[in-house]
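Here is the structure we will look at.
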Amino acid sequence: MAEDFLASALAAEASSRAPQDPDYPLFHVAPPVGRLNDPNGLIEIDGTYHAFFQYTPEHPRRLVYWGHATSRDLTHWEYHAPAILPDTHQDANGAYSGTAIDVGDHVELWYTGNYKDPETGEREATQCVVTTADMVHFDKQVPPIIGRQPEGYTAHFRDPQVWRDADGTYRMLLGVQRENLTGAALLYRSTDLRAWECEGEMTFPDAGGAFDTFGYMWECPNLVRLVDEDSGEAHDVLIFCPQGISPEREGFENVFPCVAIVGELVGTEFRSADGSFEELDRGTEFYAPQIMARSASSDPGAPTVLFGWAGNAGEDDQPSIETGGWVHCFTAPRALTLRGGRVIARPYLPGLPLAPATLEGAPGDEAGARVVELAGSRSWRLAFDASYEGALSVGIGSGSGLAITLEEGRLTVDLSGTRYPHGGRRVVTASPGEASRVEILHDRSITEIYLGDGSRVFTTRSFLNGEGSGVTLVGAASVTLVGAARAD
Ligand code: FRU
């Protein structure tokens with residue numbers, strides 16, 4: 001008898017221990033059970049934010065679904081039955097990552113079907129679609145819409161982003177691997193979303209060859225148009241995850257990086273990108289981010305929202321597997337803009353606004369300055385301005401094993417005393433003034449540090465020791481609170 005994939009996912013969820021785990025986040029999207037990876041199909045419709053995600057409910061059994069959660073305020077999430085099941089030949093080895101597009105009378109979820117021949121191990125990667133008129137019932141189209149990769153590429157051909165271009169035609173951006181084992185992005189065009197023509201690779205005519213041989217595979221490419229706060233000009237930003245690059249400079253410490261480049265897409269040419277690229281997040285866990293698509297009902301003035309996967313390939317050995325049978329979560333939603341040609345990412349949590357807060361204690365006190373409102377809280381956000389005569393230590397709980405140190409021009413995060421096995425000690429050089437505006441989000445086992453009003457972000461999993469509640473700021477810095485809020 002054929003396996004009932006929905007029933008097995010729901011059975012795994014019914015016996016989940018995750019929500020009872022003290023490390024399970026409250027305002028970050030996390031798996032109801034098992035494993036979560038990339039954000040997928042992000043779209044806002046009529047004020048409801050839909051977040052789909054790569055979901056392996058029976059982890060470590062590798063059956064990859066699209067999980068589904070919704071929120072009205074990007075802070076409180078409701079989980080639904082999985083939307084895409086690995087129940088056909090095309091996705092038997094995973095309904096891999098993709099995006100959502102509103103086409104008027106329905107929404108399409110575009111994803112990569114992953115099939116691996118059990119005998120030969122050969123991979124078939126296809127681009128597939130699921131349609132929905134109500135975001136509740138999802139109809140998978142069989143067979144796939146794009147049945148294989150074009151000549152010159154391997155079956156590492158995945159993660160479609162589909163959008164409507166200014167001229168009314170549809171475009172698809174995919175991450176690929178060339179037959180010579182280098183990574184690239186491919187563009188397709190369609191007038192009806194069913195017949196697709198390969199336009200060719202995205203090229204970078206002004207980059208001096210910087211992206212011609214740039215890793216062995218590009219995963220999860222995302223294109224977004226952002227306005228620069230300084231100039232008021234809009235630019236295209238390409239966000240992608242090149243596997244296997246090791247630039248000779250600070251950063252790039254995770255297994256794979258995620259970078260952004262800024263330019264103008266004209267046809268298949270990504271012009272004006274000069275070869276420079278920057279990591280979108282400097283923390284220990286950040287990958288495969290996705291921009292939230294808008295629908296016909298979306299407010300055109302609303303911020304451009306991005307979620308990342310707070311996780312890395314191959315790092316599933318985390319304490320939450322033992323304590324709750326789950327692993328990984330999303331980052332908080334971030335509102336993206338540009339400033340001086342660089343991507344700016346600010347936390348965007350309409351359901352958890354910063355409120356006025358006061359400091360208890362003086363910087364010279366032994367106990368340091370304590371934020372009263374956050375005492376006992378294990379899920380909170382806190383924003384402050386600081387000016388440094390020396391270093392400022394940010395303590396979360398006591399005896400947690402986590403050491404966060406801020407100085408003018410530097411952030412140091414030492415996770416070596418926590419339960420998190422992949423941390424160690426990271427040093428991030430900050431630009432002048434960046435450390436003077438700080439926002440920290442802490443949600444039980446994930447911590448995000450935003451410097452310079454979104455100019456530099458550091459995401460880490462923070463499986464703390466002890467109670468891990470409240471926050472203390474100790475050291476030779478003068479601190480003015482901007483605001484705080486607790487989620488628990
Ligand atoms: C990125 C990724 C994607 C793929 C998905 C599979 O983390 O490898 O390229 O579609 O995860 O789960």
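Only a predicted model underlies this, so the values are computations on that prediction, with no experimental measurement involved. When a ligand or atom number is given, it counts from 1 through the structure's own listing order.
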query: Looking only at side chains, do H89 and E124 share a donor and an acceptor under 3.5 Å apart?
result: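 Side-chain D/A pair, H89 to E124: present.
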- request: Using distance alone, decide if ligand 1 has a nitrogen or oxygen within less than 3.5 Å of any nitrogen or oxygen in W309.
  value: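 No.
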Heteroatom proximity flag, R158 to ligand 1, N/O under 3.5 Å: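 Min N/O separation from ligand 1 is below 3.5 Å for R158.
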task: Please tell me if the side chains of Q318 and Y420 come closer than 4.5 Å, counting only heavy atoms from C-beta onward.
output: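 The answer is yes; the side chains approach within 4.5 Å.
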task: Check ligand 1 against S97 and write out every atom of the ligand that is under 4.0 Å from a heavy-atom position of the residue.
output: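 The atoms of ligand 1 under 4.0 Å from a heavy atom of S97 are 5 (C), 10 (O).
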Per-atom contacts, ligand 1 versus Y287 - under 4.0 Å to a heavy atom: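 Those of ligand 1 that fall under 4.0 Å from Y287 are 1 (C), 7 (O).
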Tell me which protein heavy atom sits closest to [atom], plus the residue, atom name and distance to 0.1 Å.
{"atom": "atom 6 (C) of ligand 1", "result": "Q54 OE1, 3.2 Å"}
{"atom": "atom 8 (O) of ligand 1", "result": "E219 OE2, 2.8 Å"}
{"atom": "atom 9 (O) of ligand 1", "result": "D159 OD2, 2.7 Å"}
{"atom": "atom 5 (C) of ligand 1", "result": "D38 OD2, 3.5 Å"}

Donor-acceptor pair, side chain of [X] and main chain of [Y], under 3.5 angstrom:
{"X": "E219", "Y": "G175", "answer": "no"}
{"X": "R419", "Y": "L464", "answer": "yes"}
{"X": "R381", "Y": "L352", "answer": "yes"}

Trace of the side chain to side chain donor-acceptor pair (under 3.5 Å) decision for R334 with T459: CA-CA 12 Å; R334 297 171 183 177; T459 300; 2.6 Å; yes
field: Proximity flag N37 to ligand 1, non-hydrogen atoms under 4.0 Å
entry: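 True for this residue.
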query: Do the ring planes of W380 and H442 sit parallel (below 30°), tilted (30 to 60°) or perpendicular (above 60°)?
result: tilted
